[in-house]
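One structure is given below, encoded as structure tokens.
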2 protein chains.
Amino acid sequence: MPTKRERPGRGDGNGAGGSVVDEAIGRLRKRIESGEFAPGHRLPPEAVLAAELELSRPSLREAVRALAMAGVLDVRRGDGTFVTDLHPERLLSALGSFLDLAQDTGLEEMLECRKVLEPGATALAATRIDDAALDGLLERIERMRTLQDPEELVREDLAFHADIVAAAGNRTLSSLVSSVTQRTARARIWRALVKSDVLSWTHQQHMDIYAALRARDSLAAFTAAGRHVGDVELWVRERLDPLRERTER
Amino acid sequence: MPTKRERPGRGDGNGAGGSVVDEAIGRLRKRIESGEFAPGHRLPPEAVLAAELELSRPSLREAVRALAMAGVLDVRRGDGTFVTDLHPERLLSALGSFLDLAQDTGLEEMLECRKVLEPGATALAATRIDDAALDGLLERIERMRTLQDPEELVREDLAFHADIVAAAGNRTLSSLVSSVTQRTARARIWRALVKSDVLSWTHQQHMDIYAALRARDSLAAFTAAGRHVGDVELWVRERLDPLRERTER
DNA sequence: CTATCGCAGACATCTGACATCTTGGGGCGC
DNA sequence: GCGCCCCAAGATGTCAGATGTCTGCGATAG
């Protein structure tokens with residue numbers, strides 16, 4: 001029997017699975033991989049494509065919608081369906097936009113990822129950051145001293161770290177970090193935690209990181225970022241653990 | 001008409017956008033976020049859900065398919081549609097499988113990400129790895145000495161590093177690394193590069209990493225992994241650059 | 001008590017049609 | 001001749017209805 005089509009557990013759904021739609025996704029994927037549908041390419045109208053793949057338009061639309069969700073295709077109403085630029089950061093950001101649905105139990109894992117990512121990214125940034133970006137960072141630090149609204153403050157803190165990673169000049173790395181960071185940024189979580197005592201030590205640590213970057217000192221940047229994230233992790237953990245016991249079933 | 005439905009730019013497709021389907025995706029997302037649809041929960045039949053959201057079944061199916069692709073929903077034919085466990089690694093691996101569609105120009109960025117990720121992950125693994133995992137690593141190293149087929153060898157090398165990251169005990173971190181690593185693992189690229197001279201230094205470096213892990217020495221593990229990835233980067237770069245000039249348009 | 005059969009429910013898919021938006025060209029006025 | 005406006009073609013967006021097929025569980029017979 002050539003195609004017995006047993007069910008491979010349908011692990012994550014994509015690939016060439018048992019359904020017509022999954023198979024269409026796989027076929028479209030292959031045609032993109034092969035270069036037949038290059039980045040920026042406009043693919044045939046839905047009706048034509050559906051005929052080629054031998055399925056109905058609604059089913060094709062499901063496949064296209066799925067690929068659009070993954071950041072691979074870009075459908076423009078009234079115009080056509082196009083292949084995106086397929087830049088890693090686009091695919092990663094599509095991925096990351098769903099990461100904040102993760103269970104709260106994953107928060108510690110996320111923080112641990114930050115602990116791995118940010119020191120390296122900051123060290124990398126120290127070798128490449130330009131003066132304009134440095135001035136911007138200093139500006140953000142100063143602004144954080146004046147802000148009172150916790151939500152605004154968290155946003156600014158996030159932007160501070162995002163700017164640093166962006167200064168590393170690796171957009172893939174940026175997307176990776178933002179995927180993880182965004183997850184820890186749920187306002188509703190932080191709002192209950194943020195108190196006035198945060199500013200005291202975060203400000204100093206931000207200044208340490210800034211100074212290391214200004215000096216283009218990778219090692220110091222690595223150390224400062226590592227300590228900062230580590231302290232944040234401790235701070236969050238000791239405030240979250242008692243809260244978790246209460247919500248335990 | 002009550003809902004004027006203006007278009008807010010339709011950023012990357014998801015969220016509550018201009019189309020009925022996008023809005024349905026956003027609404028389902030919110031209901032999952034709010035806890036109304038908890039992990040493992042079975043959501044209403046398509047017909048009922050379509051009625052609730054005030055759209056047709058094909059459109060609802062597009063939304064459901066998109067969320068299934070993102071690893072948020074799990075549709076079982078003949079049974080129903082369920083919310084997955086929403087573990088970060090599931091969400092990451094679901095859309096992460098599309099990362100290898102990224103343009104080849106991103107390969108250097110990917111390697112740089114590995115340079116940031118692997119040392120930290122390896123250092124973390126040094127604090128948590130158990131003896132069984134260590135034995136498994138040694139076994140892989142030995143197996144790599146005997147293998148000849150480049151493809152098999154690359155696969156084994158990948159598994160070696162994946163096992164280390166897995167030993168760090170952070171599944172989110174594992175998925176993150178595998179997203180990046182998998183991208184650099186395109187067999188067609190490596191097959192042209194791998195030569196017999198690879199084994200000499202990779203074997204020694206793998207042994208260094210193994211020794212550091214066995215000693216539970218985080219710092220040594222960090223250093224060894226960093227040097228290994230750095231050397232791989234250099235090795236790839238000096239073999240890829242001349243090849244790139246040739247394929248330049 | 002167990003194993004098998006059958007039915008109801010749920011997803012899978014198709015056919016066909018209509019609505020709406022984008023785009024580019026033709027007609028009109030200047 | 002040049003530029004603006006309008007409209008028609010094409011593409012996606014959405015819907016309705018109908019039928020196939022599989023899963024899971026209860027009923028039934030051994």
Side-chain angles (χ1 to χ4, degrees), chain A residues 3-10 13-28 37 40-69 72-84, chain B residues 1-28 37 40-69 72-84:
Chain A
T3 57
K4 173 61 189 315
R5 183 176 296 169
E6 71 282 1
R7 60 183 56 239
R10 73 191 320 305
N14 93 69
S19 76
V20 176
V21 175
D22 287 335
E23 190 178 325
I25 291 173
R27 283 221 261 170
L28 288 175
F37 292 154
H41 187 287
R42 167 185 184 160
L43 32 86
E46 287 180 347
V48 177
L49 202 53
E52 278 184 28
L53 298 176
E54 294 177 333
L55 43 77
S56 67
R57 252 188 78 206
S59 297
L60 174 69
R61 278 179 60 78
E62 280 187 40
V64 169
R65 169 75 60 177
L67 287 170
M69 175 79 39
V72 175
L73 294 182
D74 179 28
V75 294
R76 302 177 208 160
R77 175 172 183 172
D79 192 4
T81 303
F82 299 80
V83 180
T84 68
Chain B
M1 280 291 103
T3 58
K4 175 63 190 317
R5 184 180 296 169
E6 72 283 359
R7 59 180 52 235
R10 73 190 320 300
D12 52 9
N14 93 68
S19 75
V20 176
V21 175
D22 288 333
E23 191 178 323
I25 291 174
R27 284 220 261 169
L28 288 176
F37 292 154
H41 187 286
R42 167 186 185 158
L43 28 85
E46 287 182 346
V48 177
L49 202 53
E52 277 185 28
L53 298 175
E54 295 176 334
L55 44 77
S56 69
R57 272 186 58 215
S59 296
L60 174 68
R61 280 180 59 78
E62 274 188 46
V64 169
R65 169 74 61 175
L67 287 171
M69 172 77 47
V72 175
L73 294 182
D74 179 28
V75 293
R76 303 178 208 159
R77 176 171 182 171
D79 191 4
T81 303
F82 299 80
V83 180
T84 68

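Model, not experiment: these values are computed from the prediction. Proteins come first, then strands; the chains are lettered A, B, ... in the order of their sequence lines, and each starts at number 1.
- Side chain of B/R65 to backbone of A/R65: no donor-acceptor contact under 3.5 angstrom is found.
- Taking A/P45 as the reference, A/V48 meet the side-chain contact (heavy atoms from CB on, under 4.5 Å) condition, with sequence neighbours excluded.
- One atom, CZ of B/F82, and another, P of C/dC11, lie 9 Å apart when rounded to the nearest Å.
- Projected onto DNA chain C by closest heavy-atom contact, A/V20 and B/D79 fall at different nucleotides, the more 5' of which corresponds to B/D79.
- Annotation: side chain of A/L28 is not in contact with side chain of A/V72 (no heavy-atom distance under 4.5 Å).
- Look at B/T81 and you won't find any side-chain N or O under 4.0 angstrom from OP1 or OP2 of C/dA10.
- Shown here for B/A24 and B/A63, the closest heavy-atom pair between the two residues is CB-CB, 4.0 Å.
- Considering all non-hydrogen atoms of both residues, B/G40 and B/F82 come closest at O-CD2, 3.9 Å.
- Across residues 52-63 of chain A, A/L55, A/S56, A/R57, A/P58, A/S59 each have a non-hydrogen atom less than 4.0 Å from an atom of DNA chain C (numbered order).
- A/R76 has its CZ atom 17 Å from the C1' atom of D/dG13, to the nearest Å.
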- Message: I'd like to know whether A/L43 forms a side chain to side chain contact (heavy atoms under 4.5 Å, CB included) with A/V64, so could you lay out the CA-CA distance, the side-chain angles of the two residues, the decisive distance to 0.1 Å, and finally the verdict.
- Response: CA-CA 11 Å; A/L43 32 86; A/V64 169; 5.7 Å; no

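- Each of A/V75, A/I25, A/V83 was compared with A/L67 under the side-chain contact (heavy atoms from CB on, under 4.5 Å) criterion, and only A/I25 meets it.
- Straight-line distance from the CZ atom of A/R77 to the P atom of D/dG13: 7 Å, rounded to whole Å.
- Within residues 41-51 of chain B, no residue places a heavy atom under 4.0 Å from DNA chain D.
- Remark: P of D/dG13 and CG of A/D74 are 10 Å apart, rounded to the nearest angstrom.
- Not a single donor-acceptor pair under 3.5 Å links the side chain of A/R61 to the backbone N or O of A/E46.
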